[in-house]
Trainee: 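Dumping the structure here so I can ask a few things about it.
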Amino acid sequence: MSEQIRVRFAPSPTGPFHIGGARSALFNWLLARKYSNGKFVLRVEDTDRVRSSKESEENIKASLKWLGLDWDEGVDVGGEYGPYHQMERLELYKKYAQQLVDEGKAYYCYCTEEEIAAEREALMKENKMPIYQGHCRHLTADQIEKYKSEGRKPTIRFRTPENETVEFDDMVRGHMQFDSNGVGDFVIVKADGIPVYNFAVVIDDALMNITHVIRAEEHLSNTPRQVVLYDALGFTVPVFAHISLILGKDHSKMSKRHGATSVEQYKNLGYLPEALVNFLALLGWAPQDEKEIFSIDELIKAFSMDHVAKNPAVFDIDKLNWLNAQYMKKLSTKKITMMAVPHLLEKGYLNEPIAADEMAKLVRFTEIIRDHLSYGAQFLDFADLYFNDDIVVEDAESKQILTDETVPSVIGLFKEKLNGIADFDAEHIQPIFKQITKELKVGGKKVYMPVRISVTGQMHGPDLAGIIEVLGRERVFDRIEKVLPAL
RNA sequence: GGCGCCUUCGUCAAGCGGUUAAGACACCGCCCUUUCACGGCGGGUUCAUGGGUUCGAAUCCCAUAGGCGUCACCA
């Protein structure tokens with residue numbers, strides 16, 4: 001590919017940035033970055049006046065930046081093909097729509113939405129393709145006058161050529177062919193003068209010299225409409241690549257029911273952008289070797305549209321968790337602590353300002369639990385362990401363990417030994433357990449379990465000596481006393 | 001319903017006419033360990049079904065089934 005690669009991501013700002021959109025953006029970005037002269041363009045398709053919002057646009061841009069997907073041209077940064085908001089390009093669409101009308105390739109349609117809906121319904125009933133039947137295709141001047149006098153505002157419809165085969169190439173699916181009779185005359189400009197998606201994309205992609213259009217598979221059926229427009233307008237058709245959808249666990253399209261769907265949600269849950277990017281890249285694309293973990297630079301190097309899968313992919317949160325954990329291992333404990341702090345503040349475990357010594361203890365605690373964490377918010381699963389001294393033993397087996405006849409002597413000796421050490425740290429606490437097993441001649445479990453349960457309320461958890469260290473002698477004794485008041 | 005896309009372990013997937021059908025996540029077992037987690041080792045009737053083509057098919061062709069998308073004055 002010696003020509004310049006120009007790709008774009010063109011979201012409509014109608015909601016939080018979806019994970020599927022993020023993958024589309026990533027694939028485009030990866031392709032642009034793979035070639036030294038590649039350009040990644042960000043265009044905002046805000047022609048849906050009802051649903052578009054500035055807030056959504058900001059969310060999308062913030063998410064892209066967080067993921068590290070920077071754009072060379074587009075909104076905010078500008079470029080020679082601007083403007084990059086479709087609502088600022090209305091004149092352009094108007095000009096091309098007029099051109100099509102003048103050439104007889106498009107016409108005004110005075111049908112109302114109700115009439116169209118009724119027509120479609122009737123066709124569906126007859127098992128026919130629900131396409132526009134061409135009522136306004138050849139209106140006389142009189143008819144037009146009549147409609148105008150009724151106050152009808154026309155849309156502009158494209159006069160789709162009949163009995164033709166519409167063809168285009170798709171990097172993922174191969175050569176595609178559609179019957180133009182299945183396309184029908186579709187609206188290109190709404191009654192309010194705003195262009196419809198299929199019309200605006202074509203003009204924008206053509207005028208912005210986009211060479212490759214990588215987008216979700218849901219656009220595949222729309223592509224013939226766009227191809228006939230490219231032809232009518234005399235534009236060069238770009239190379240398409242329709243990547244498959246991302247599905248939820250039940251194989252339906254990802255939605256709120258499946259948990260977090262927006263990039264922002266993953267960010268807030270404490271996932272790392274590198275991990276999310278890595279995961280998204282592996283959804284629908286497979287490397288040539290057996291590598292699983294890719295830095296962004298490695299991804300750019302390894303990525304290729306040749307190995308993009310055709311079939312839809314189920315979003316597997318388990319794998320994301322694993323990947324994220326791999327990336328978290330590389331982080332300093334301090335960093336992981338900082339990831340947890342917002343959650344701790346939100347849940348009321350912490351209050352601002354956080355004192356330096358409190359912070360230091362928190363970091364030490366994080367060091368003890370960090371191996372148990374797949375993402376930041378999971379810290380909350382361990383927060384009670386550290387912050388909540390009101391230990392409650394709920395589990396039946398745990399209660400049972402505390403009734404063992406050796407418990408009183410074990411706990412007694414444990415307290416005695418704990419009192420006896422000079423340096424209150426895990427290194428000095430750890431040997432105590434061994435000493436007790438020896439002196440009392442009981443098994444390790446008989447020692448560890450009563451202590452663990454009375455100190456944490458749980459049978460399982462992170463390193464016990466470490467927990468005891470961060471809690472400090474007083475809190476440990478306090479907890480034991482609450483659980484075993486008799487001792 | 002028409003049109004279109006898709007179909008290899010539970011999930012992501014390698015595979016492009018001849019392989020013991022990779023690998024990863026998850027799961028199960030074992031080891032490590034006071035426990036859990038981490039880590040290590042090991043395990044699993046995976047080519048939707050039915051027809052072809054071929055000496056030979058997960059790979060090519062055709063049907064069927066299922067899943068999904070799309071048929072908007074949404075993108």
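Predicted model, so just to flag it, every value in this text is computed and none were measured. Every chain is numbered from 1 and lettered A, B, ... according to where its sequence line falls, protein lines coming before strand lines.
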Trainee: Just to be sure I understand the rule, does A/Leu464 reach a base, reach only the sugar-phosphate, or reach nothing, if contact means heavy atoms closer than 4.0 Å?
Mentor: base
Trainee: Under 4.0 Å, heavy atoms only, any strand: does A/Ala191 hit a base, just the sugar-phosphate, or nothing?
Mentor: base
Trainee: Scan A/Ile60, A/Leu42, A/Asp46 and name whichever one has a side-chain contact (heavy atoms from CB on, under 4.5 Å) with A/Val75.
Mentor: A/Leu42
Trainee: Roughly how far apart, to the nearest Å, are B/rU20 and B/rC27 at atom P?
Mentor: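 Here B/rU20 and B/rC27 have their P atoms 32 Å from each other.
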Trainee: What distance, rounded to whole Å, do you find between the two C1' atoms, one in B/rU64 and one in B/rG42?
Mentor: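 Nearest-Å result for B/rU64 against B/rG42 at atom C1': 41 Å.
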Trainee: If you find the nucleotide of RNA chain B closest to A/Asp289 and the one closest to A/Ser221, which residue's nucleotide is nearer the 5' end?
Mentor: A/Asp289
Trainee: When all nucleic acid strands are considered with a 4.0 Å heavy-atom cut-off, which category describes A/Pro130: base, sugar-phosphate, or nothing?
Mentor: base
Trainee: Determine the contact category for A/Lys291: base if any of its heavy atoms lies under 4.0 Å from a base atom, sugar-phosphate if only primed atoms, P, OP1 or OP2 are that close, otherwise nothing.
Mentor: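 The answer is nothing, as A/Lys291 stays clear of every strand by at least 4.0 Å.
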Trainee: Contact class for A/Thr112 (heavy atom, under 4.0 Å): base, sugar-phosphate, or nothing?
Mentor: base
Trainee: How would you label the contact of A/His219 with the nucleic acid (heavy atoms, under 4.0 Å): base, sugar-phosphate, or nothing?
Mentor: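 Base contact.
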Trainee: By the 4.0 Å heavy-atom rule, please label A/Glu292 as base, sugar-phosphate, or nothing.
Mentor: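 Touches a base.
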Trainee: Would you measure the distance from the C1' atom in B/rC9 across to the matching atom in B/rA22 and give it in whole Å?
Mentor: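 12 Å, rounded to whole Å.
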Trainee: Check nucleotides 47-49 of chain B against the protein and report each pair of N or O atoms closer than 3.5 Å, with its distance, or say if there are none.
Mentor:
none

Trainee: Pairing check on B/rC25: which nucleotide meets the Watson-Crick or G-U wobble criteria with it, both distances under 3.5 Å?
Mentor: B/rG10
Trainee: What is the pairing partner of B/rA58, taking Watson-Crick or G-U wobble pairs with both distances under 3.5 Å in any strand?
Mentor: none
Trainee: Under 4.0 Å: is that the gap between some side-chain N or O of A/Thr47 and OP1 or OP2 of B/rA75?
Mentor: yes
Trainee: Using a 4.0 Å heavy-atom cut-off to protein, can you give one letter per nucleotide of nucleotides 36-44 of chain B, 5' to 3': B if the base is in contact, S if only the sugar-phosphate is, - if neither?
Mentor: BSSS-----
Trainee: Inspect the contact between A/Arg43 and A/Glu45 and indicate whether a charged nitrogen and a carboxylate oxygen are less than 4.0 angstrom apart.
Mentor: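 Counted as a salt bridge, because a side-chain N and a carboxylate O are separated by less than 4.0 Å.
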Trainee: Could you please name the partner base of B/rA75, counting Watson-Crick and G-U wobble pairs only when both distances are under 3.5 Å?
Mentor: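 Paired with B/rA75, as far as the under-3.5 Å criterion goes, is no nucleotide at all.
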Trainee: Can you tabulate the close N/O pairs, meaning under 3.5 Å, that link protein atoms to atoms of nucleotides 30-33 of chain B?
Mentor:
none

Trainee: Using the C1' atom in both, what is the distance from B/rG52 to B/rG17, to the nearest Å?
Mentor: 16 Å
Trainee: Report yes or no: do A/Asn321 and A/Tyr271 form a side-chain donor-acceptor pair below 3.5 Å?
Mentor: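 Looking only at side-chain atoms, A/Tyr271 and A/Asn321 do form a donor-acceptor pair, the distance falling under 3.5 Å.
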Trainee: Could you tell me if the ring centre of A/Phe9 sits under 6.0 Å from that of A/Trp29?
Mentor: no
Trainee: Let me spell it out: for each of A/Ala10 and A/Val172, pick the nucleotide of RNA chain B with the closest heavy atom. Which residue's pick is nearer the 5' end?
Mentor: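 Closest to the 5' end, via its nearest nucleotide, is A/Val172.
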Trainee: If I pick the P atom on B/rC16 and the same atom on B/rC74, what distance separates them, to the nearest angstrom?
Mentor: 47 Å
Trainee: Look at A/Glu91 together with A/Lys95 and state whether they make a salt bridge at an N to O cut-off of under 4.0 Å.
Mentor: no
Trainee: What verdict does the side chain to side chain donor-acceptor pair (under 3.5 Å) test give for A/Arg215 and A/His242, after you've listed the backbone C-alpha separation in whole Å, the side-chain angles of each residue and the deciding distance to 0.1 Å?
Mentor: CA-CA 5 Å; A/Arg215 67 203 345 178; A/His242 289 96; 3.1 Å; yes
Trainee: Give none if B/rA63 has no partner; otherwise give the nucleotide forming a Watson-Crick or G-U wobble pair with it, both distances under 3.5 Å.
Mentor: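 The base-pairing partner of B/rA63, which may sit in any strand shown, is B/rU49.
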Trainee: Reckon A/His251 has a side-chain N or O less than 4.0 Å from the OP1 or OP2 of B/rU11?
Mentor: yes
Trainee: By the 4.0 Å heavy-atom rule, please label A/Asp179 as base, sugar-phosphate, or nothing.
Mentor: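 If one applies the 4.0 Å heavy-atom cut-off, A/Asp179 turns out to touch nothing in the nucleic acid.
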Trainee: Is it true that a side-chain atom of A/Ser454 and a backbone atom of A/Ile480 form a donor plus acceptor pair closer than 3.5 Å?
Mentor: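 Flag not set: sc A/Ser454 to bb A/Ile480 has no pair under 3.5 Å.
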Trainee: Should B/rC3 form a Watson-Crick or G-U wobble pair with both distances under 3.5 Å, which nucleotide is its partner?
Mentor: B/rG69
Trainee: Mind checking the C1' distance from B/rG50 to B/rG69? Whole angstroms is fine.
Mentor: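 After rounding to an integer number of Å, I get 26 Å for this pair.
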Trainee: Could you tell me whether A/Met449 contacts a base, only the sugar-phosphate backbone, or nothing, with contacts defined as non-hydrogen atoms closer than 4.0 Å?
Mentor: sugar-phosphate
Trainee: Using a cut-off of 4.0 Å on non-hydrogen atoms, how would the nucleic acid contact of A/Phe279 be classed: base, sugar-phosphate, or nothing?
Mentor: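 Answer is nothing: A/Phe279 stays at 4.0 Å or more from every strand.
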Trainee: Does B/rA13 have OP1 or OP2 under 4.0 Å away from a side-chain N or O of A/Asn311?
Mentor: yes
Trainee: Taking only side-chain nitrogens and oxygens of A/Arg120, does any of them come within less than 4.0 Å of OP1 or OP2 of B/rA72?
Mentor: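 The answer is yes; a side-chain N or O of A/Arg120 sits under 4.0 Å from OP1 or OP2.
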Trainee: Does A/Ala426 offer a backbone N or O that forms a donor-acceptor pair with the side chain of A/Glu469 under 3.5 Å?
Mentor: yes
Trainee: What interatomic distance, in whole Å, is found between C1' of B/rU19 and the corresponding atom of B/rU46?
Mentor: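 Comparing C1' positions in B/rU46 and B/rU19 gives a spacing of 15 Å.
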Trainee: Would A/Arg157 pass as a cation-pi partner of A/Tyr107, given that its NZ or CZ must be under 6.0 Å from the six-membered ring centre and within 45 degrees of the axis?
Mentor: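 So A/Arg157 doesn't make the cation-pi contact.
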Trainee: How would you label the contact of A/Gly184 with the nucleic acid (heavy atoms, under 4.0 Å): base, sugar-phosphate, or nothing?
Mentor: nothing
Trainee: Regarding A/Lys301 and A/Glu298, does a basic nitrogen lie under 4.0 Å from an acidic carboxylate oxygen?
Mentor: no
Trainee: Looking only at side-chain N and O atoms, does A/Lys190 come under 4.0 Å of OP1 or OP2 in B/rA75?
Mentor: yes
Trainee: Quantified in whole Å, what is the C1' atom distance between nucleotide B/rA14 and nucleotide B/rU59?
Mentor: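 B/rA14 and B/rU59 have their C1' atoms separated by 13 Å.
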Trainee: Does any donor-acceptor pair link the side chain of A/Arg173 with the base of B/rC5 at a separation under 3.5 Å?
Mentor: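 Per atom types, no contact qualifies.
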